[in-house]
Amino acid sequence: MVRVLLLVVVLAAATGLGLWWRARNGRYAAVDASLLRRDAGTPDDDGRTDRLTADDLGAELGTRATFVQLSSEVCAPCRRTHSVLAGLVADRPDAVHVDLDVEEHLDLVRRFQVLRTPTTLVLDAQGTVVGRLSGATDRRHALAALDAVPGSCTDGVAAR
Amino acid sequence: MSGPETTPAEVAARPTPAGIDPRGPRFGAAVTAVLLAVVLLLGTSTAATVLLAVIVASFAVGAVRGAQGTWQGWLFRTLVRPRLAPPTELEDPRPPRFAQLVGLVVTGVGLLLALVGVGVAVPVSAALALVAAFLNAVFGLCLGCELYLLGLRLRSRAA
């Protein structure tokens, strides 16, 4: 009887964990505004800034936003996320999508405390990391991220 | 784990091994989850240890040959897939194979501890592996995606 109870508890815990994981997977989370208000271009003690440059990424930044996707080899959702973001930027000339392999960008992984793949850092026009999409994302979440990026541009070509 | 060098742009474009039906590994995880549940119900008996050893052996095969090379994968191909519509997309076999490796480590440690006399390791490792297999089967959670980066960070820190 105790064993049956144990099994039920384990399965209930797994279900709760799964529901929690699914609810937050791929959603846009903005960087705390109070942290952003510090001048992002000012280097910290290590001479680093919260900004990413075209040199860091090996690609030009988008005029409104840049999605920096961090992917790993052992990750099927990374590929789905890649096609979602690639499809989105095809409709949005002001946005850019860069897909990086975490093995070759451990510096970025550490710098931005990336814990899982895919994680997509969302950059504004200056390269400041303003938020992230953690986990496999869909077009809806990616569009929400694009809308949340602070910027003067207001034309929403595919924003609805 | 030192794979071939790739440039960032090649991450998605690199040639991938022949794709597998993504429903296969999830079906296999469901079968494994049922077996792990039985291990839990058997408590710390010899039967529990024997069944756990069978599961460890399956994970070992899967870690070497990929999830499609296990007996669960064979079951899926011969009994389940003929009754399903063709898959809409194929999946890279490497992520499920990594998940098999994670399963092998969790259940393997439990089995080793049980063999040196720590009987409680059988239900504990079975419970942990059951949670992972259940999340994979029911929610499609990709264990490799959640754990790989942590492993990579730890490994590169140690190096």
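Chain letters run A, B, ... following the sequence lines, proteins first and then strands; every chain starts at 1. Scope of the values below: all heavy atoms of this structure, side chains included, with no hydrogens, waters or symmetry mates.
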Count the heavy-atom pairs under 4.5 Å between each of A/Gly18, A/Ala13, A/Cys78, A/Pro118 and chain B, then report the option with the highest count. A/Gly18
Ignoring hydrogens, what is the shortest heavy-atom contact between B/Leu135 and A/Leu17? Give both atom names and the distance. CD1-CD2, 3.8 Å
I'd like to know whether CD of A/Gln126 has more than 12 heavy-atom contacts from other residues, nucleotides or ligands below 6.0 angstrom. yes
A/Val2 versus chain B, the contacting section by heavy-atom distance below 4.5 Å: neither
Atom CH2 of A/Trp21 with >12 non-hydrogen neighbours under 6.0 angstrom: yes
Pick from B/Leu128, B/Leu141, B/Val131 with the largest number of heavy-atom pairs that fall under 4.5 Å of chain A: B/Leu141
Checking heavy atoms, do the side chain of B/Leu42, its backbone, both or neither come under 4.5 Å from chain A? backbone
Shortest non-hydrogen contact from B/Leu41 toward A/Arg3: O-CD, 3.0 Å
Interface moiety of A/Leu115 toward chain B, non-hydrogen atoms closer than 4.5 Å: both
Among the clusters formed by ILVMFWY side chains lying less than 4.5 Å apart, do A/Leu133 and A/Val84 turn up in the same one? no
Side chain, backbone, both or neither of B/Glu91 within contact of chain A (heavy atoms, under 4.5 Å): side chain
Heavy-atom count check: over 12 atoms from other residues, nucleotides or ligands less than 6.0 Å from B/Arg65 CZ? no
At what distance, to the nearest 0.5 angstrom, does CZ of B/Phe139 lie from OG1 of A/Thr15? 5.5 Å
Is it possible for you to say whether A/Leu143 and A/Val149 belong to one hydrophobic cluster, with membership spreading through side-chain heavy-atom contacts below 4.5 Å? yes
Are more than 12 heavy atoms from other residues, nucleotides or ligands located less than 6.0 Å from atom CZ of B/Arg23? yes
Give, as side chain, backbone, both or neither, the part of A/Leu70 having an atom under 4.5 angstrom from any heavy atom of chain B. neither
Which residues satisfy the side chain to side chain donor-acceptor pair (under 3.5 Å) test with A/Arg140, sequence neighbours excluded? none
Chain B heavy atoms under 4.5 Å from A/Ser83: which part of the residue, side chain, backbone, both or neither? neither
Between A/Thr119, A/Leu6, A/Val109, which has the largest tally of heavy atom pairs under 4.5 Å with chain B? A/Val109
Of B/Leu130, B/Val138, B/Leu40, which is the lone residue that meets side chain to side chain contact (heavy atoms under 4.5 Å, CB included) with A/Leu11? B/Leu130
Same cluster for B/Trp71 and B/Phe27 if Ile/Leu/Val/Met/Phe/Trp/Tyr side chains link at under 4.5 Å? yes
Of all heavy-atom pairs between B/Pro95 and A/Cys75, which one has the smallest distance, and what is that distance? CG-N, 3.4 Å
When A/Leu106, A/Val114, A/Asn25 are compared by non-hydrogen pairs under 4.5 Å with chain B, the top option: A/Val114
Is the number of heavy atoms from other residues, nucleotides or ligands under 6.0 Å of B/Arg77 CZ greater than 12? yes
Any idea which heavy atoms bring A/Leu7 and B/Ala37 closest together, and the distance? CD1-CB, 3.7 Å
Quick check on the hydrophobic clustering: are A/Val4 and B/Val34 connected, directly or via other members, by side-chain heavy-atom contacts under 4.5 Å? no
